Enquirer: 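To start, I am sharing the structure in question, which I have written as structure tokens.
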Amino acid sequence: MVPIKAEIRAAITQALHRAGLASRVSLGLAEEVEIPDFIVSSPREEKFGDFAANIAMQLAKPARRPPREVAAVILEHFDYGACPWVERIEVAGPGFLNFYLRPQWLQEALRQVIEQGERFGRSLVGAGRKVNVEFVSANPTGLLHMGNARGAALGDSIAALLDFCGFDVTREFYINDTGLQIERFAASLEALYLQEFGEDVPVPEDGYHGADLAATVKRFIAETGDTYRHTPPEERREALARFAVAEKIAAIRDSLERFGVRYDVWFSEQELHRSGAVERVIRELKARGETFEREGALWFKAEKYGVEKDEVLVRSTGAATYFAADVAYHANKFDRGFAWLINVWGADHHGHVPRVKAALRALGYDADRLDVIIMQLVRLFRGGEIVRMSKRTGEFVTLDELLEEVGRDAARYFFVLRSADSHLDFDLDLARAQSMENPVYYVQYAHARIASLFRQLSLKGKALPEIGAVDLSVLTSEEEERLLRKLADFPDEVVDAALDLAPHRLTGYIYELAGLFHAFYNVHRVIGSEPGLEEARLLLVQAVGIVLRQGLRLLGISAPERM
RNA sequence: GCGCCCGUAGCUCAACGGAUAGAGCAACAGACUACGGAUCUGUAGGUUGGGGGUUCGAAUCCCUCCGGGCGCACCA
């Protein structure tokens, strides 16, 4: 009964199919007309029933009949046996089919929350398909900034949601540990290294000037002495880069762990070059006639695939580009057997998407199985002023600083509060405020209140009632019914949020659930209400706690017992 | 100039192409001698940037104009 929407959907489809011939004839539908996509949704207005379907309007055109007539035909063939909870169906408005369920369906929903506990809302829609979620993938040359942090919160929640929906999820971090940026990084390290030995070597203009690098170099020297002072520069730079990148990766990993994010795979770009994977991809593109040479460089014919500009694969220096490596990387993910690739990238990378997809197509991969979430930038506010995030000015807010200032829960909540494609204004004062304006506390407070209620209960020497022994039909007030509906919605909400790759929908859901709970709690007494009612309400509250905990967990936010 | 994202209440944002566009904050007016007032109830606030189009139905899709962000490297 949990997927009640799916059940109704299936019954409608069945009405159109099984009684197919009859209904098709009476609808005047040609055999080849497909049943259009239609939606079963919870109507905004309660008077429109528990669920509504728009199928009749969708079919009106092909059937060349008014929607309400189509609806009547569907009704005629509807098998109530397939949907035991459906009490009656009405045709309403322009042609909606409004489904009214027996009141007991809400009690059944509550029963399932209690019985399934932490498993409630889990589903098998993913059918164990392998999904790769790649996110953050920050350059290992510095610390994580707000863009990385948003990507971390989004990526991790998407991964958690997909896992909850039965996908086989791999969280992956792509380490850009080679290329021009790393060379610049290495050159900067080398300058600092030689400076330590009294040589007057300036850090290159286009290099890295962070104060953290000097400390890294000191640690390097503490470990290796002056071993690299007189070695060939390439060898020196390589050793320095390897040492520093390892340090940065460790720091990034620590920060992300504090943020509640853990990866399954740390994938090295350098390894991709070393193993010959990049070279293979370039060779394959060449063999397929997808490349050409110009000015000493090897180009991919991206324009052929509708991309605005062709793209360099191999520089005139002979070095493969980041683009070439990225194509090889995504090919590698497909080759590892992932059925679905999801990347979370910053808005400044959006131009890269069509090029990578084009190259994957050229290689014969199904690029539609790659979804790239482009997230817009984060603006930090403090005291009503924008906090500039520039490496140059040094006013650079890192993930660590953010965690220090507002804590993990608020940070994670705020980053998934809005859809990825809207700019995010992050108000540090608000996130830090332990007050009613702060939505994180609003939700957590609901959970803490519930925990407190059960503490009170046990102080009175009472135990939670058994679900089987309680008559749930006494939960009839408006507040109780709304809560029950919301709980019943959870499985659908989770699936929608997962498949849409939109964790902010879950954020909205738990906020609304918390709100309905607070409203209920203000009006109705739980402990000490009349016998029978008390037990039923205790179970209702317990169920709210279960769902809140799950929702918060999926977002990487704690569900405190006390605040 | 070209491409992508965005433009919704004073502010920050929701809304699978669905029925009367919703929340929070801010404003105003209220509520428990009891389970945590970090709560709740109510009022007010809108020509969904402008204009066309598609559709039974548009904030949502298409065109165009205006405004903002981000890209348009032999960087990543």
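Owing to the predicted nature of the structure, the values given are computational and were not obtained by experimental measurement. Reminder, nothing fancy here: chain letters follow the sequence lines and each chain counts from 1.
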Enquirer: Hunt down the Watson-Crick or G-U wobble partner of B:rA19, both distances under 3.5 Å, from any strand shown, or write none.
Expert: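 Result: none.
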Enquirer: Considering just the side-chain nitrogens and oxygens of A:Arg315, establish if one lies under 4.0 Å of OP1 or OP2 belonging to B:rA76.
Expert: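 Looking at the OP1 and OP2 atoms of B:rA76, one of them is under 4.0 Å from a side-chain N or O of A:Arg315.
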Enquirer: Would you say a side-chain N or O of A:Tyr442 is under 4.0 Å from OP1 or OP2 of B:rC40?
Expert: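 For A:Tyr442, the contact criterion (side-chain N or O under 4.0 Å from OP1 or OP2 of B:rC40) is met.
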Enquirer: With a 4.0 Å cutoff (strictly under), does any side-chain N or O of A:Lys309 reach OP1 or OP2 of B:rA73?
Expert: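 True: A:Lys309 side-chain N/O within range (under 4.0 Å) of B:rA73 OP1/OP2.
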Enquirer: Is there a side-chain contact between A:His518 and the phosphate of B:rG36, meaning an N or O under 4.0 Å from OP1 or OP2?
Expert: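 For B:rG36, neither OP1 nor OP2 has a side-chain N or O of A:His518 closer than 4.0 Å.
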Enquirer: Need one value for A:Asn54: base, sugar-phosphate or nothing, where a base atom within 4.0 Å counts as base even if backbone is also close, heavy atoms only.
Expert: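 Since a base atom lies under 4.0 Å of A:Asn54, the category is base.
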Enquirer: If you look at every strand shown and take non-hydrogen atoms under 4.0 Å, does A:Pro94 touch a base, only sugar-phosphate, or nothing?
Expert: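 Base contact.
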Enquirer: Whether A:Thr321 contacts B:rC75 is assessed here as follows: a side-chain N or O lying under 4.0 Å from the phosphate OP1 or OP2. Is that the case?
Expert: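 Answer is no, no contact under 4.0 Å.
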Enquirer: Could you tell me how far B:rA44 sits from B:rA38 if I compare only their P atoms? Round to whole Å.
Expert: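 These two P atoms come out 28 Å apart once rounded.
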Enquirer: Measuring to OP1 and OP2 of B:rC13, would you say a side-chain N or O of A:Arg418 lies under 4.0 angstrom away?
Expert: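 For B:rC13, OP1/OP2 do not have a side-chain N/O of A:Arg418 under 4.0 Å.
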Enquirer: Describe the nucleic acid contact of A:His350 in one word from base, sugar-phosphate, nothing, applying a heavy-atom distance below 4.0 Å.
Expert: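 Answer is base: heavy atoms of A:His350 come under 4.0 Å of a base.
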Enquirer: Does A:Tyr100 have A:Arg88 sitting over its ring (NZ/CZ under 6.0 Å from centre, angle to axis within 45°)?
Expert: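 That pair qualifies as a cation-pi contact.
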